[in-house]
2 protein chains.
Amino acid sequence: MLSVEAAERENLLDKIRMLVLGGDFPPGAVVPEAFLAQEFDVSRTPVREALKQLQHEGLVEIRPKVGTFVREPTRREIIELFQIKESLEGLAASLLARRGGTTELSALRLNLEDSEAAVLTDDTEAYARLVHEFHWTIVRGSDNLKLVEHYGRLMNQLAYQRLVLRTVEHPGRLAASTREHRAVLEMIEHKDPFGAEAAMRNHVHASSREALTEPVQSLRN
Amino acid sequence: MLSVEAAERENLLDKIRMLVLGGDFPPGAVVPEAFLAQEFDVSRTPVREALKQLQHEGLVEIRPKVGTFVREPTRREIIELFQIKESLEGLAASLLARRGGTTELSALRLNLEDSEAAVLTDDTEAYARLVHEFHWTIVRGSDNLKLVEHYGRLMNQLAYQRLVLRTVEHPGRLAASTREHRAVLEMIEHKDPFGAEAAMRNHVHASSREALTEPVQSLRN
DNA sequence: GACTCCCTTCTTGCATGCAACATAAGCTGT
DNA sequence: ACAGCTTATGTTGCATGCAAGAAGGGAGTC
């Protein structure tokens, strides 16, 4: 399908994105092309292309003739992105409910069981992974490839992993979140698009408020 | 704000996008980097970066080691994109209604008057422009910069201009569309977020069905 | 001591050269 | 005539070289 070089390039973009998202660089720090080029043993040209793409994704800012800087989303941007997240995931839930994809439904049921187990054992790391999987399963289950694509862009911008780790620290949030997931799943099982959309939006809205209540250092700008 | 080089590069990207969207190249035709480089009197490198970006926007497809091809959205993709459009514009209308931006409101009122005049005189070209302006005014009026950004990406993928020109050809659609615009505006004026979202989604849905009913050559794939 | 100017250094932006690969045409043998 | 192979061409992918600009530091001056 994809030639070897293309796959390598994808990997390069992903690798650089991981490096940026992973927090290995302090926010606002400069990321020289030459360093990345040496790090991944390629020329500056493919690194440039990848950084250009990351700029369009909003993860870095390229100041012309100055340098490439890791860009931390501002609090306002996080609010804005969560509004879009709410809308898109609502759409995804609605589409999945209308479609009634059986494989996704069973995956979601399984996910919910695992999530409840993780809540009981207080396994926040597993829970974070399951939440991620739950949302992505619904989006993919919408059977709308363009939606999947745009959703991926959105999530990249949100630097989601850092945030979700923060929300799960709130006491009681895990249980509440799981209840909301169950509500969404039930609406989808009943093939109720409007109900599913409403439940999903309600859930995302609640989770966004949780993610934003904590005044964290990296969100103070 | 933007340095000269950055502005030039933006212009280069926009210029190439216009060329691709403008239909100067037959869909599926190859667009060699070297040609564009000579056309705009730059090296292949910035052309490459621009094409790379256009690929991520979904307008062209770069087959490795083969060439760059103009990519026409399939009918399925258009349906998918319209679903997202409905969701995002619904969000925008909702946000604008909640906010109650006065400058946007007056702009929309003026737009509606002009639109009705264009309907009476059957000026389809002016109407297409006004429709475009109406929707963008609402999206910008949401005061959500990230939404504006994502919406722009979406519209680029839809190759909107070609489609809107097609919808206005349907008899009676102009008047119906204007009525729907008025409904949206009234909901926003009443500061009714839910009503505004519903009206907007209804409008987009109707317009998408119009855009998709016509079996046009370029949409047959 | 503070301010201004220049210069050094680091970064990106672009042009160009070369290699690799995919595709298609031509050639040869059957 | 046709199938398989070879070759020719066109394209992208990447490496490298060079120039231009921006930021910071240091020297000189008031």
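The chains referred to below are lettered A, B, ... by the order of the sequence lines, with proteins before strands, and numbering in each begins at 1. In this text, all values refer to a predicted model and were calculated from it rather than measured experimentally.
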Participant: Less than 4.5 Å apart, any side-chain heavy atom of R71(A) and any of E77(A)?
Facilitator: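 When only atoms from C-beta onward are counted, E77(A) and R71(A) do touch, with a gap below 4.5 Å.
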Participant: Please determine if a side-chain N or O atom of S43(A) lies less than 4.0 Å away from the OP1 or OP2 oxygen of dA15(D).
Facilitator: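 Yes, S43(A) has a side-chain N/O under 4.0 Å of OP1/OP2 on dA15(D).
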Participant: When the distance from CZ of F69(B) to P of dT12(D) is rounded to whole Å, what number comes out?
Facilitator: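 To the nearest whole Å, that distance equals 9 Å.
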Participant: F35(B) CZ to dG10(D) C1': how many Å, rounded?
Facilitator: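 It is 16 Å, rounded to the nearest whole Å.
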Participant: When you get a sec, tell me which of dA20(D), dC14(D), dT12(D) is the closest nucleotide to the side chain of K65(B)?
Facilitator: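 Minimum distance to the K65(B) side chain belongs to dT12(D).
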Participant: From dC14(D), dG13(C), dA22(C), pick the nucleotide closest to the side chain of P46(A)?
Facilitator: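 Output: dC14(D).
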Participant: At less than 4.0 Å, is any side-chain N or O atom of R48(B) found next to OP1 or OP2 of dG13(D)? Yes or no.
Facilitator: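 Looking at the OP1 and OP2 atoms of dG13(D), one of them is under 4.0 Å from a side-chain N or O of R48(B).
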Participant: How many whole angstroms separate atom CG of N11(A) from atom P of dC14(D)?
Facilitator: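 Interatomic distance, CG of N11(A) to P of dC14(D): 12 Å.
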Participant: Quick one, F82(B) and I78(B) - any side-chain contact, counting heavy atoms below 4.5 Å?
Facilitator: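 Sidechains of I78(B) and F82(B): in contact.
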Participant: Atom CG of L12(B) and atom P of dG13(C): how far apart are they, to the nearest Å?
Facilitator: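 Whole-Å distance recorded here is 14 Å.
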Participant: Has T68(A) got a side-chain N or O lying under 4.0 Å from the OP1 or OP2 atom of dT12(C)?
Facilitator: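 Yes.
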Participant: Mind calculating the distance between CD (E61(B)) and P (dT11(D)) to the nearest angstrom?
Facilitator: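 Value for this atom pair: 17 Å.
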Participant: Between V66(A) and R44(A), just flag the one whose closest nucleotide in DNA chain D comes earlier from the 5' side.
Facilitator: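 Taking each residue's closest nucleotide, the earlier one in sequence belongs to R44(A).
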Participant: When the distance from CD1 of I62(A) to P of dG13(C) is rounded to whole Å, what number comes out?
Facilitator: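 Rounding to the nearest Å, CD1 of I62(A) and P of dG13(C) are 6 Å apart.
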Participant: 5'-most contact on DNA chain D: R63(A) or D41(A), nearest heavy atom basis?
Facilitator: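 Closest to the 5' end, via its nearest nucleotide, is D41(A).
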Participant: Can you check the E49(B) CD to dG13(C) C1' distance for me, whole Å?
Facilitator: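 Answer to the nearest Å: 8 Å.
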Participant: Specify whether H203(B) and H181(B) have parallel, tilted or perpendicular ring planes, treating 30° as the upper limit for parallel and 60° as the lower limit for perpendicular.
Facilitator: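 Taking H181(B) first and then H203(B), their aromatic rings stand perpendicular (interplane angle over 60°).
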Participant: To the nearest Å, give me how far apart CD (Q38(A)) and P (dT16(D)) are.
Facilitator: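 In whole Å, dT16(D) P and Q38(A) CD are 12 Å from each other.
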Participant: For Y151(B) and S142(B), run side chain to side chain donor-acceptor pair (under 3.5 Å): C-alpha distance rounded to whole Å, both residues' side-chain angles, the deciding distance at 0.1 Å, then the answer.
Facilitator: CA-CA 12 Å; Y151(B) 183 75; S142(B) 71; over 6 Å; no
Participant: Does any N or O in the side chain of S177(B) come within less than 3.5 Å of the main-chain N or O of R173(B), such that one atom is a donor and the other an acceptor?
Facilitator: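 The answer is no, because no donor-acceptor pair under 3.5 Å joins these two groups.
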